[in-house]
Amino acid sequence: MLQVAFIRENKEDVIARLAKRNIDATEMINNAIVLDEERRALQTKLDSTKAESNGLSKEIGNLFKSGEAQKANLLKEKTTQLKETTKALEQELNDKADALKELLYKIPNVPNEIVPSGNTDEDNEEIYREGDIPTLHKGATPHWDLIKKYDIVDFELGNKITGAGFPVYKGKGARLQRALISYFLDKNTTAGYTEVQVPHLVNEASGYGTGQLPDKEGQMYHVTEDNLYLIPTAEVPATNIFRNTLLNESDLPIGLTGYTPCFRREAGNWGAHVRGLNRLHQFDKVEILRVEHPDKSYDALNGMVEHVKSILKELKLPYRILKLCGGDLGFTSALTYDFEVFSTAQDRWLEISSVSNFETFQANRLKLRFKNSDGKNELCHTLNGSSLALPRVLAGILENYQTENGIKIPEVLVPYTGFDMIS
RNA sequence: GGAGAAAUGGCAGAGUGGUCGAAUGCACUGGUCUUGAAAACCAGCGAGGGUCACACCUCCGGGGGUUCGAAUCCCUCUUUCUCCGCCA
């Protein structure tokens, strides 16, 4: 959520930068400013009314104390009128504040200056590419055939137990999955991230805190009985660790990493290109998250990008990095880099990581602040990224490491799997 | 699930109808001292709104009520702790 004061002071700039998302925010921004002005006017009016009755109450107290009960009773009558005025103003003020908040919830984050304009993922800007695309042997196949051939992931079973998009990993498939999780967590903790295990269900306040609610309500599984949501990413519980928190400047930066399953309804997203492990309702992901001083968040973002690069380099997977264009940028993000691994047998790129700086957008909703050197409370910047999303890494490994004799295991993973070949 | 207790500033913890935005300690900031640091001492120090700045308003878990006046009394919800029951 953007801060009203920021909108008020940077109106033209905010509109101009939101235009990169291909939205004309002029009306929303103007409305927000007007609502805020009206809200403040009401507040002032209410304040002075209350000041008046506070003064009277004090006077009444003094009169009673000095035994002038009659005078006091006279003043009491005066307060009745004020009470009514107060009540009416309070109601008006609440309505106004709610309307403003509702509007602010609808305004996405302001893209960073360097975000390219564009409409769809086709307009994203490739900024980096690394790794050789392997020449596959004759008869090489996409991963959905490979998992069947080697019996390591079973969609039929998942169908039986739950439904489409909930696969069962078996044998070496399950072991490889676990190896990847351990390897990622080890890489992240070595890089200074503190490992956390967080709840897989979150309450409504947490959903609002990171921006999944009210915007992306339909994307999460909702347990209505208890009004809890299954997490679509560890970002939600992990970031909400810091909801309503005031940090010391010396506490920054904070880096966390955590593994969780992720649940996504993907309503309306089911169609082409979702074969095999490409898109699931439940998948595993290791996440990294940072809380940063505003001056350092973009350095931190670059650091996260370098970190993810180092993992992919070790896995020896061909990948590229995209800077997302305005049209493809997530609601809460100011700048996002997507990592895509090349799925050789499918001849297409698969997104495996998304690294974003949210600046103060989440922190404002979360009330995540730090006491700066002037003693003032200032909003932190939050960032997060995947390191990495499991199924597509798995798909990438299966397809790129396939040989006629089976699937080779990337060298760095062998200590974790205990085997170097799936055959 | 049953019985009881509790929820106060960044943290800990006093405060039971007006003079309480709230004692005290820790943390934090500035200063004295020191070559420097630590310790000690002195001073400052909750948050949000509002204002050019003051004034002023709000906030003692959430919501509602009583009262001229509520951290304090009442109702309700939530959470935590203790004891009992159940249980991975």
Side-chain angles (χ1 to χ4, degrees), chain A residues 1-9 32-104 197-209 213 223-229 237 240-254 291 293 360 363-380:
Chain A
M1 186 166 65
L2 298 174
Q3 296 165 90
V4 207
F6 178 80
I7 293 177
R8 204 193 308 146
E9 284 155 29
I33 291 173
V34 170
L35 279 172
D36 181 50
E37 265 165 20
E38 291 172 349
R39 197 207 91 235
R40 272 149 59 213
L42 280 168
Q43 182 80 61
T44 308
K45 221 161 146 191
L46 176 65
D47 285 357
S48 56
T49 314
K50 280 189 170 172
E52 200 180 329
S53 47
N54 284 347
L56 284 175
S57 290
K58 215 163 246 178
E59 235 177 286
I60 291 168
N62 289 333
L63 286 173
F64 272 124
K65 218 172 278 171
S66 58
E68 298 173 81
Q70 213 173 359
K71 273 188 177 171
N73 284 323
L74 220 63
L75 278 184
K76 271 197 197 179
E77 280 168 34
K78 264 174 101 175
T79 58
T80 319
Q81 173 71 34
L82 281 175
K83 262 182 153 174
E84 274 169 36
T85 317
T86 306
K87 209 159 194 183
L89 280 171
E90 264 171 355
Q91 184 61 51
E92 238 183 299
L93 179 66
N94 282 341
D95 292 348
K96 198 63 77 179
D98 285 348
L100 176 62
K101 203 165 160 193
E102 207 172 297
L103 177 59
L104 288 175
Q197 287 194 14
V198 290
H200 300 167
L201 277 83
V202 294
N203 58 28
E204 215 170 22
S206 292
Y208 275 95
L213 294 175
V223 182
T224 52
E225 180 87 27
D226 298 291
N227 198 24
L228 297 173
Y229 294 85
N240 273 282
I241 288 175
F242 302 101
R243 177 147 44 87
N244 290 325
T245 307
L246 180 59
L247 300 165
N248 287 319
E249 190 165 351
S250 57
D251 294 330
L252 301 175
I254 295 171
V291 180
H293 189 287
T360 59
N364 188 33
R365 288 197 187 184
L366 292 163
K367 281 214 212 107
L368 165 54
R369 298 157 304 166
F370 70 98
K371 201 169 274 294
N372 68 20
S373 47
D374 297 332
K376 289 247 160 53
N377 296 336
E378 198 177 332
L379 291 173
C380 301

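Just so we're on the same page: letters track the sequence lines, and every chain starts at 1.
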Measure the distance from CG on A:Asn244 to C1' on B:A7 and round it to the nearest whole Å.
15 Å

Reading RNA chain B from 5' onward, which residue's closest nucleotide shows up sooner: A:Leu56 or A:Arg369?
A:Arg369

Short heteroatom pairs, N/O only, protein and nucleotides 54-58 of chain B, under 3.5 Å:
{"residue": "B:C57", "atom": "OP1", "partner": "A:Asn54", "partner atom": "ND2", "Å": "3.1"}
{"residue": "B:C57", "atom": "O2'", "partner": "A:Asp47", "partner atom": "OD1", "Å": "2.9"}

Which one, B:G10, B:G48, B:G18, comes nearest to the side chain of A:Phe64?
B:G18

Span that lies between the C1' atom of B:G10 and that of B:G17, in whole angstrom:
30 Å

Which whole-number value in Å describes the distance from A:Glu249 CD to B:G10 P?
18 Å

In whole Å, what is the span from the CZ atom of A:Phe370 to the P atom of B:A47?
14 Å

Same-atom distance (C1') from B:U72 to B:A7, integer angstrom
14 Å

Keeping A:Thr80 on the side-chain end and A:Lys78 on the backbone end, is there a donor-acceptor pair under 3.5 Å?
no

Nearest whole Å is fine: how far is B:G9 P from A:Asn248 CG?
16 Å

Using the side-chain heavy atoms of A:Leu246, tell me which of these nucleotides is nearest: B:G10, B:C68, B:A27.
B:G10

Each nucleotide N or O in nucleotides 69-71 of chain B that has a protein N or O under 3.5 Å away: list the pair and distance.
{"residue": "B:G69", "atom": "O4'", "partner": "A:Ser57", "partner atom": "OG", "Å": "3.4"}

Paired with B:A5: which nucleotide, if any, by Watson-Crick or G-U wobble criteria at under 3.5 Å for both distances?
B:U80

For A:Glu38, which residues count as a salt bridge (charged side-chain N to carboxylate O under 4.0 Å, His left out) partner, sequence neighbours excluded?
A:Lys96

Provide the distance between the two C1' atoms, one in B:U76 and one in B:C54, to the nearest whole Å.
41 Å

Using a heavy-atom cut-off of 4.0 Å across all strands, would you classify A:Lys371 as base, sugar-phosphate, or nothing?
sugar-phosphate

Nearest-Å distance once atom C1' is located in both B:A14 and B:C52
40 Å

A:Gln91 CD to B:G64 P: how many Å, rounded?
10 Å

Look at all strands and tell whether A:Asn62 reaches a base, only sugar-phosphate, or nothing, counting heavy atoms closer than 4.0 Å.
nothing

Do the side-chain N or O atoms of A:Asn73 get closer than 4.0 angstrom to the phosphate oxygens (OP1, OP2) of B:C68?
no

Residues forming a side chain to side chain contact (heavy atoms under 4.5 Å, CB included) with A:Glu249, sequence neighbours excluded:
A:His293, A:Phe370, A:Asn372, A:Ser373

Which residues share a side chain to side chain contact (heavy atoms under 4.5 Å, CB included) with A:Leu246, sequence neighbours left out
A:Arg369, A:Lys371, A:Asn377

Round to a whole Å and report the spacing from NZ of A:Lys87 to P of B:U66.
7 Å

If I pick the P atom on B:C28 and the same atom on B:U35, what distance separates them, to the nearest angstrom?
24 Å

What is the distance, to the nearest angstrom, from the CD atom on A:Glu378 to the P atom on B:G46?
19 Å

Looking at A:Arg39 and A:Asp36, does any basic side-chain N land under 4.0 Å from a carboxylate oxygen?
yes

When you compare B:A70 with B:G21, how far apart are their C1' atoms, in angstrom units rounded to a whole number?
14 Å

Sequence-distant partners of A:Lys45, side chain to side chain contact (heavy atoms under 4.5 Å, CB included), two or more places apart
A:Leu89

